[in-house]
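Chain letters run A, B, ... following the sequence lines, proteins first and then strands; every chain starts at 1.
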Amino acid sequence: MEYNVRLCGAAGQGLQSVGKVLISALSKTGWHIYAHQDYESRIRGGANFFQIRISDRPLTTFSPQVDLLVALSSESYQIFADDLHPQSICFHPGPEKLNRDFTEHIFNPETVAQESGGNKRMASAVVAGLVWATVSEDHEPVLAELAEFFGARDQEIGEGNRKAGAAGVELARQLGIKALAGGPRPEAGRMVLRGNDAVALGALAAGVKYVAAYPMTPSTSITELIAAEGKKLGVSVEQAEDEIAAINMAIGAGYTGVRAMTTTSGGGFCLMTEAIGLAGSAEIPVVVVNGQRPGPSTGLPTRTEQGDLLFAVHSGHGDFPVAVLAPGSIEEAFYIMGDAFNFAEQYQIPVIVLTDQYLADSFQTLSELAPDRIKIDRGKLAEPSENYKRYQLTSDGISPRLFPGAEPAVVVSAGDEHNEEGHLIEDAETRIAMMEKRMNKLKQISVLQPVTCGETKQPTLSLITWGSTWGIVQEAVQDLVSSGVSVQGIHLPQLAPLPAEALQAILSAGPVYTVESNFSGQLATLLKGHGFTISGTCSRYDGRPLEVRQIIEYVREVQG
Amino acid sequence: MRDIKEYAGGTPAWCPGCGDFAILDAVKQALAEMDISPSRAVVVSGIGQAGKLPHYMRVNTLNTLHGRTLPTATAVTQVNPQLTVFAVGGDGDGYGEGGNHFLHALRRNPDMTYIVCDNRVFGLTKGQASPTSDVGTLGGLTPQGTVYPALNPLALAIMLEAGSVARGFSGAKEHLVNLIKDAVRTPGFSLIDVLQPCVSFNKVNTWQWYRERVYELEADYNPTDQQQALALARQWDEQIPIGVLYRSGRESSIAPENLVSAELRPNLEPLLDRYRV
Ligand SMILES: Cc1ncc(C[n+]2csc(CCOP(=O)(O)OP(=O)(O)O)c2C)c(N)n1
Ligand code: SF4
């Protein structure tokens with residue numbers, strides 16, 4: 001069973017609040033949701049939406065279908081009416097009906113809110129009640145959620161919203177709208193969270209102690225969440241003057257002995273690349289989260305793309321090891337932060353985590369996250385001694401670390417080429433030794449294995465993807481397999497160093513295609529560079545996430 | 001007092017006669033006199049002749065990128081306030097490439113001592129004009145002479161109420177040692193802009209030129225008067241004062257909650273609870 005609700009309106013009309021109330025109440029009553037957001041780069045006005053896919057089985061992605069459209073502005077319903085089908089229901093503020101082949105009702109939630117004894121600002125609650133009534137006969141869960149959500153500071157406001165919610169329910173009843181038949185059973189041990197929440201919680205579970213960042217959509221809320229909790233949790237959060245300062249601060253904190261991170265998006269990441277090299281040369285662990293958005297330059301500031309893969313893999317000048325990780329789901333975004341901090345400290349390298357706006361702003365019902373599954377491994381540490389050498393040459397290329405303050409040692413780190421003590425050198429021999437020491441680490445890092453789905457035995461074709469597109473590929477593969485196409489899906493949570501051997505082992509004789517949200521097929525280019533043969537790329541680059549049906553159509557096309 | 005030999009490092013690659021030698025000696029002597037062990041002091045630097053300074057001594061060192069000394073050093077103070085943190089660099093490094101960070105370090109006022117080896121020229125890249133070069137300074141990129149007036153970093157730091165603002169001179173080493181000791185003891189961000197002759201590229205502000213002009217502030221000078229401090233910061237051609245020009249009495253603005261706890265993983269249960277359904 002599946003049902004898709006789109007709430008749309010201008011920025012500032014409270015779409016997020018209605019959305020959050022609904023997904024929380026739905027998840028509590030046993031539904032699975034996947035909600036994604038589409039918004040413009042403005043604070044007021046425009047046509048944004050918050051789309052909730054509701055199902056009785058777990059979901060890995062959104063659906064573009066709209067069964068119920070609730071529009072809070074005239075502009076937005078005119079834009080989104082094209083996405084409706086004959087069975088769809090649409091609520092909008094008018095001024096007049098469109099008279100197309102779907103059911104439509106003109107309504108003004110502000111008036112309903114006022115008539116229910118509340119005020120205009122409670123319109124969101126009316127919408128929540130109205131939507132809820134189309135899903136379930138039992139209205140208490142959404143009313144309780146409204147009272148809790150809006151009553152956090154003032155109980156009276158909570159009660160007002162509860163009443164406004166009930167008025168929304170009543171409106172649906174008067175119109176004779178029936179709730180969905182059936183429905184799931186509530187299950188214990190579940191969570192609802194957004195991609196950026198998962199990144200922030202994962203970093204906290206991994207023991208992050210210092211975050212410096214400069215705001216940039218869509219990654220800002222990661223650092224905002226940590227800042228809100230920082231004082232209680234002993235985590236220092238610094239709003240840097242720019243991205244250059246942000247990453248250099250994180251490097252300073254890493255040198256001093258704590259797990260440190262910065263968050264940004266493509267343009268900010270560009271500014272950080274010199275310091276990525278510093279971390280590489282000075283071997284200081286640092287984690288950089290790049291929440292991708294369409295580029296180049298400031299591109300489409302609030303939309304989604306996976307266009308920074310090759311840039312991340314090659315970030316910084318010169319040769320040095322970096323690890324690039326990309327979670328394929330909200331759940332993986334939590335756990336991958338543990339790997340990111342562990343890799344950074346075990347190998348003493350910069351680690352870049354690539355997410356994107358689609359993942360960052362999407363909400364999903366998940367089974368309970370387990371912080372204990374994130375093991376903290378701080379890598380090789382030294383005993384303080386008078387003759388401690390920060391860059392001691394070792395057989396595995398990893399020199400034990402110490403932090404300043406460890407009597408009687410001194411910790412000498414430098415981005416310039418240096419000797420074992422950390423002091424500047426110019427001679428060829430030491431340069432070669434240090435270069436080999438650092439590059440040797442590449443042989444050891446490759447921990448996150450490819451993940452597969454679908455027909456993995458002898459597939460006639462394979463779809464390889466990375467990042468948030470994985471959730472979309474999973475559903476496409478499922479649909480293709482059930483319609484008789486022998487296809488396997490592969491997700492690469494680690495892009496650098498690439499686990500090439502492991503990937504080779506799971507590829508069969510059939511053709512291989514990549515699925516990615518960028519123009520040029522960056523994963524395909526990366527894989528070709530590693531000697532893989534890629535027959536084509538299914539891509540999207542209009543700033544919106546790939547859709548399941550697009551992937552299915554692509555496969556049908558290449559199959560002829 | 002510790003033995004100054006504890007801080008002995010490698011042989012400097014500076015030109016013979018460079019003003020940086022005396023600054024290096026002064027830092028070591030101040031640390032010895034204050035009994036700060038090499039393990040407890042951190043010297044963060046960027047790139048330039050001055051940026052190499054920590055490599056010529058024995059101390060915790062973080063040699064970073066051109067211009068990025070201050071944000072990096074700020075984080076060191078936030079993570080471990082027990083350390084005595086120094087930032088060291090040239091005028092190009094700190095006022096040019098790192099100009100934005102300089103402004104924000106003044107705002108944050110982190111507890112550290114920032115020593116700028118101000119030779120009023122780019123040394124390491126062979127003699128271009130710097131933000132503190134006077135109008136008319138000839139350099140590789142300004143063959144007709146720079147047309148922009150020199151930045152006055154001391155006036156800027158006084159305006160923005162840094163913890164303390166001082167001017168030193170490489171030719172007055174003992175005086176400089178005292179300035180460094182004073183800066184370390186002063187809460188907040190202490191700027192010491194050191195007049196540093198560059199014998200290779202600055203043919204105007206020479207040892208001789210400075211010796212004719214530099215004078216020490218009187219012992220009874222009151223550094224809390226901002227207007228007077230500004231006037232002294234602007235004194236240049238004929239008479240150049242050295243000493244602590246200004247003291248704001250301002251503590252570090254870095255919020256105390258922005259200090260880091262040592263506990264590896266905090267209790268996340270109350271936070272996770274918010275996401276449970
Ligand atoms: C990003 C970057 N740009 C330029 C340089 C080249 N560079 C190295 S030192 C320097 C200027 C040094 O001048 P200053 O900071 O005054 O120090 P000095 O050498 O005079 O002590 C420049 C431009 C660099 N290393 N990095
Ligand atoms: S170039 Fe100038 S600043 Fe650099 S070492 Fe030589 S004298 Fe000193």
Quick one: does [X]'s side chain get under 4.5 Å of [Y]'s, heavy atoms only?
X     : Y      : answer
B/N63 : A/L424 : yes
B/Q78 : A/E238 : yes
B/T61 : A/S413 : no

Shortest non-hydrogen contact from A/G252 toward B/L62: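 What the structure gives for the nearest pair is CA-CD2, 4.1 Å.
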Applying side-chain contact (heavy atoms from CB on, under 4.5 Å) between B/R68 and each of A/I247, A/L278, A/N248, A/I251, report the one that passes.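 In the set A/I247, A/L278, A/N248, A/I251, the residue that makes a side-chain contact (heavy atoms from CB on, under 4.5 Å) with B/R68 is A/N248.
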Using side-chain contact (heavy atoms from CB on, under 4.5 Å) as the criterion, point out the one residue from B/N60, B/L83, B/T72 that pairs with A/T256.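 Among B/N60, B/L83, B/T72, the one that satisfies the side-chain contact (heavy atoms from CB on, under 4.5 Å) with A/T256 is B/L83.
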With rounding to the nearest 0.5 angstrom, report the [atom1] to [atom2] distance, [X] to [Y].
X      : Y      : atom1 : atom2 : value
A/H423 : B/H55  : NE2   : NE2   : 7.0 Å
A/L233 : B/L271 : CG    : CG    : 6.5 Å
B/N80  : A/Y255 : CG    : OH    : 11.0 Å
A/L366 : B/Y275 : CG    : OH    : 12.0 Å

Ion pair present between A/E421 and B/R58, side-chain N to carboxylate O less than 4.0 angstrom?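 Looking at B/R58 together with A/E421, the answer is no, because their closest N to O distance does not fall below 4.0 Å.
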Side chain to side chain contact (heavy atoms under 4.5 Å, CB included), that's the test. Do B/R265 and A/I376 meet it? Break it down for me. CA-CA 9 Å; B/R265 174 150 56 202; A/I376 297 178; 4.1 Å; yes
Answer yes or no: are there more than 12 heavy-atom neighbours, outside A/E140 itself, under 6.0 Å from its atom CD?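 More than 12 within 6.0 Å, yes.
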Which one, [options], leads in non-hydrogen pairs under 4.5 Å with chain B?
options                       : value
A/P404, A/A253, A/G277        : A/P404
A/T29, A/D416, A/L402, A/I374 : A/I374
A/A205, A/G415, A/A188, A/S27 : A/A205
A/M249, A/E187, A/K232        : A/M249

Going by residue number, which parts of [range] are within reach of chain A, meaning a heavy-atom gap below 4.5 Å?
range                      : answer
residues 97-117 of chain B : B/N100, B/H101, B/H104, B/R108
residues 24-47 of chain B  : B/S37, B/P38, B/S39, B/R40, B/V42, B/I47
residues 2-11 of chain B   : none

Can you tell me which portion of [X] sits under 4.5 Å from chain A's heavy atoms? Options are side chain, backbone, both or neither.
X      : answer
B/L268 : side chain
B/P270 : neither
B/T74  : side chain

Quick check on A/E148 against chain B: is it the side chain, the backbone, both or neither that has a heavy atom closer than 4.5 Å?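 Nothing of A/E148, per the 4.5 Å heavy-atom cut-off to chain B.
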Return a table of donor-acceptor pairs under 3.5 angstrom between the side chains of residues 192-200 of chain A and protein atoms on other chains or two or more places apart.
residue : atom : partner : partner atom : Å
A/N196  : ND2  : A/P218  : O            : 2.7
A/N196  : ND2  : A/S221  : OG           : 2.8
A/D197  : OD2  : A/R194  : N            : 3.1

